[in-house]
Amino acid sequence: MTERENLVTVDEMPQHEGQEVTIRGWLYNSRSGGSIAFLLIRDGTGIVQAVVAEDDVSAEVWETAQNLTQESSVIVAGLVNEDPRSPGGYELHLRDVQTVQLAEEYPLALKEHGVDFLLDNRHLWLRTPRQVAILRLRDFIMARLEEFLRDRGFSRVDTPILTPNACEGTTTLFETEYFGDPAYLTQSGQLYSEATCAALGKVYCFSPAFRAEKSSTRRHLIEFWMLEPEMAFFTHEDNLDLQEKMIDYVITQVLQKKGELLEELDRDKDPLTFERPYPRITYDEAVDILHEEGLSIQWGDDFGAPHETAIAERFDRPVFVERFPAECKAFYMEPDPQRPEVVLAADLLAPEGYGEIIGGSQRIDDYDLLLEKIREFGLPEEEFDWYLDLRRYGSVPHSGFGLGIERLISWIAGLDHLREAIPFPRLLNRMRP
RNA sequence: UCCACGGUAGCUCAACGGCAGAGCGUCCGGCUGUUAACCGGAGGGCUGCAGGUUCGAAUCCUGCCCGUGGAGCCA
């Protein structure tokens with residue numbers, strides 16, 4: 001078999017109608033009918049049906065085709081034909097087949113499976129058309145986000161995964177050991193990005209973040225990816241404008257260029273079809289809405305998931321909730337000069353119950369105020385010496401935000417759980433595969 | 001940590017105090033246009049673990065383990 005002759009991928013087949021081509025991939029499924037057989041072959045770009053008729057091929061090829069097992073790796077050659085009876089509209093009239101490896105009995109049948117079984121077999125589950133579509137969408141979304149930022153003068157500056165202290169001192173961290181000293185897996189690169197933005201102006205870090213919370217919900221991962229831009233000289237308003245434009249850009253690009261992925265995922269496009277601007281409401285207005293909805297909340301309480309959903313349901317597009325009470329937010333957030341009891345922070349809530357996809361704020365740039373806050377929050381002052389230095393040497397107003405990649409993907413793809421938005425999810429008590 | 005639901009064949013599930021079953025997958029046989037193909041046959045079980053109640057437990061009770069969803073926390 002001249003296996004490299006006219007080597008094509010499944011998605012390229014329409015351009016090779018009437019030609020003899022070679023395709024390399026895996027057997028997705030097969031059906032046989034006496035002296036005719038249908039092999040569904042996937043190669044990562046799509047699935048094509050290969051037709052084998054006993055009369056048209058050698059006995060050896062016929063025998064090989066008959067005995068292929070699910071997910072066996074193969075190289076097939078044949079003639080490309082347009083045929084409405086074939087899924088995808090094109091099929092391959094098989095002339096030759098070569099088995100690369102004959103697969104053992106495959107654990108995943110082509111039918112419904114339970115979550116536990118699928119997660120145990122995540123390394124194989126990834127081969128299904130739905131998971132392939134999600135991962136392609138993830139790749140596209142990540143690329144567009146970085147493209148958006150780079151086009152606006154941002155540089156990617158990475159931040160450390162191993163850190164000596166809790167960045168914000170709130171959530172539970174994974175502890176490890178650093179040559180005898182305690183160390184922690186990062187939960188955010190933000191504090192470091194505040195340093196690099198004073199060096200480069202506009203930066204972002206893009207890395208995994210770790211939260212050792214015993215969270216077991218569809219909106220949480222133990223290890224997730226966070227994109228965190230940080231901008232010198234950006235006010236709270238500048239910050240919200242950037243967030244809005246970035247989300248708008250990604251959604252528009254997905255709708256324009258990757259509609260077929262949304263269709264593969266049965267994602268209704270209508271809820272994604274909206275325009276800027278996104279509504280901006282204050283924390284105070286949000287509390288009023290929640291009271292109207294009959295939810296119990298007092299001024300000063302942070303929102304829980306039911307609260308976020310109730311607020312988001314009032315709007316047909318993402319909504320900013322801004323100016324939170326200082327006591328329910330992080331220590332580094334700049335107080336509103338008009339109302340020092342609230343901070344210049346905002347959460348962006350996605351529609352359809354997908355919750356908070358962005359959390360951001362203007363950062364305190366005054367040395368004395370920041371030191372006061374560190375003490376007020378009971379944080380170890382000595383650990384923040386370098387962070388305080390940023391307020392001693394050319395301090396400027398600056399702002400930034402953190403975007404949860406898997407939450408954004410889940411919303412755009414219409415997933416019902418974050419675990420499908422990352423190749424190998426780390427969940428409560430689940431670290432394999 | 002708390003609350004709810006669950007654990008039976010490789011997978012998805014039924015049986016709910018009285019012989020442990022079906023569909024799918026696998027294997028064998030049949031079929032020249034199949035669409036998660038179809039038809040016939042075969043193999044497949046410590047009913048999560050330990051104890052208790054009972055003539056008899058997959059089924060009822062207690063404890064534990066594991067999973068799922070949610071709360072809290074957050075992106």
Side-chain angles (χ1 to χ4, degrees), chain A residues 28-40 47 49-56 62 67 69-71 81 83-89 91 93 103-121 124-125 128-129 167-173 187-190 206-228 243 301-309 328-330 347-350 353-360 401-411 416-419 421-422 427-430:
Chain A
Y28 180 66
N29 194 14
S30 68
R31 296 180 273 269
S32 78
S35 51
I36 189 168
F38 302 92
L39 309 179
L40 291 178
I47 296 177
Q49 174 169 286
V51 189
V52 202
E54 188 173 10
D55 296 343
D56 297 347
W62 175 248
N67 291 329
T69 52
Q70 187 185 357
E71 286 299 319
N81 258 15
D83 194 313
R85 292 173 296 186
S86 176
E91 63 184 15
H93 279 265
E104 295 174 27
E105 185 180 339
Y106 196 62
L108 299 193
L110 297 175
K111 57 170 296 199
E112 292 293 324
H113 289 291
V115 179
D116 186 40
F117 181 75
L118 287 171
L119 286 170
D120 283 343
N121 290 281
L124 303 176
W125 184 23
T128 60
C167 279
E168 305 180 18
T170 51
T171 57
T172 320
L173 301 176
Q187 59 166 333
S188 165
Q190 180 203 313
F206 196 7
S207 89
F210 306 87
R211 306 273 165 93
E213 295 287 343
K214 304 239 173 187
S215 303
S216 179
T217 83
R218 68 183 70 191
R219 295 180 310 279
H220 291 87
L221 293 170
I222 302 300
E223 175 182 314
F224 65 99
W225 282 70
M226 191 155 60
L227 177 72
E228 295 177 280
Q243 294 170 36
D301 293 344
D302 203 356
F303 301 140
H307 302 115
E308 287 182 355
T309 302
C328 64
K329 287 289 176 184
D347 289 348
L348 183 63
L349 306 181
Y354 282 94
E356 184 183 343
I357 53 172
I358 288 179
F401 62 93
L403 165 71
I405 292 295
E406 286 81 14
R407 285 195 180 167
L408 177 65
I409 294 166
S410 288
W411 167 44
D416 58 13
H417 200 300
L418 244 53
R419 63 185 163 225
I422 187 166
L427 301 164
L428 187 59
N429 299 328
R430 190 184 279 282

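Proteins come first, then strands; the chains are lettered A, B, ... in the order of their sequence lines, and each starts at number 1.
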Handout entry: P-based separation of B:A9 from B:C3 [nearest Å]
Key = 29 Å
Problem - Distance between P atoms of B:C2 and B:G63 (Å, rounded) - result: 13 Å
Exercise for the section: For A:F303, check ring pair (Phe, Tyr, Trp, His ring centres under 6.0 Å) against everything at least two apart and list the hits. Expected result: A:Y283, A:F324
Exercise for the section: Using only heavy-atom distances, decide whether a donor-acceptor pair under 3.5 angstrom links the side-chain of A:E91 to the base of B:G33. Expected result: yes
Handout entry: base_contact_polar (B:C74 base, A:H220 side chain, donor-acceptor, <3.5 Å)
Key = yes
Fill in the blank from the handout: In RNA chain B, stems of three or more consecutive pairs, Watson-Crick or G-U, each with both distances under 3.5 Å, turn out to be B:1-7 with B:65-71, B:10-13 with B:21-24, B:26-30 with B:38-42, B:48-52 with B:60-64
Handout entry: A:N67: partners by side chain to side chain donor-acceptor pair (under 3.5 Å), with sequence neighbours left out
Key = A:E63
Exercise for the section: Figure out the CG/C1' separation between A:D83 and B:G33, and round it to whole Å. Expected result: 8 Å
Problem - Between P of B:A75 and CD of A:Q187, the distance in whole Å - result: 8 Å
Problem - Atom P, compared across B:U62 and B:G21: separation rounded to whole Å - result: 29 Å
Exercise for the section: Could you tell me which residues satisfy side chain to side chain donor-acceptor pair (under 3.5 Å) with A:R419, sequence neighbours excluded, listed by chain and number? Expected result: A:H417
Handout entry: Results of side chain to side chain contact (heavy atoms under 4.5 Å, CB included) for A:P306 - residues two or more places apart only
Key = none
Practice task
Between A:R218 and A:S215, name the one whose nearest nucleotide on RNA chain B is closer to the 5' end.
Solution key: A:R218
Exercise for the section: Would you kindly compare A:T217 and A:G402 by the position of their nearest RNA chain B nucleotide and give the one closer to the 5′ end? Expected result: A:T217
Exercise for the section: With sequence neighbours excluded, tell me which residues meet side chain to side chain donor-acceptor pair (under 3.5 Å) with A:R85. Expected result: A:D83
Practice task
State whether the side chain of A:Q243 and the backbone N or O of A:F401 hold a donor-acceptor pair below 3.5 Å, judged by distance alone.
Solution key: no
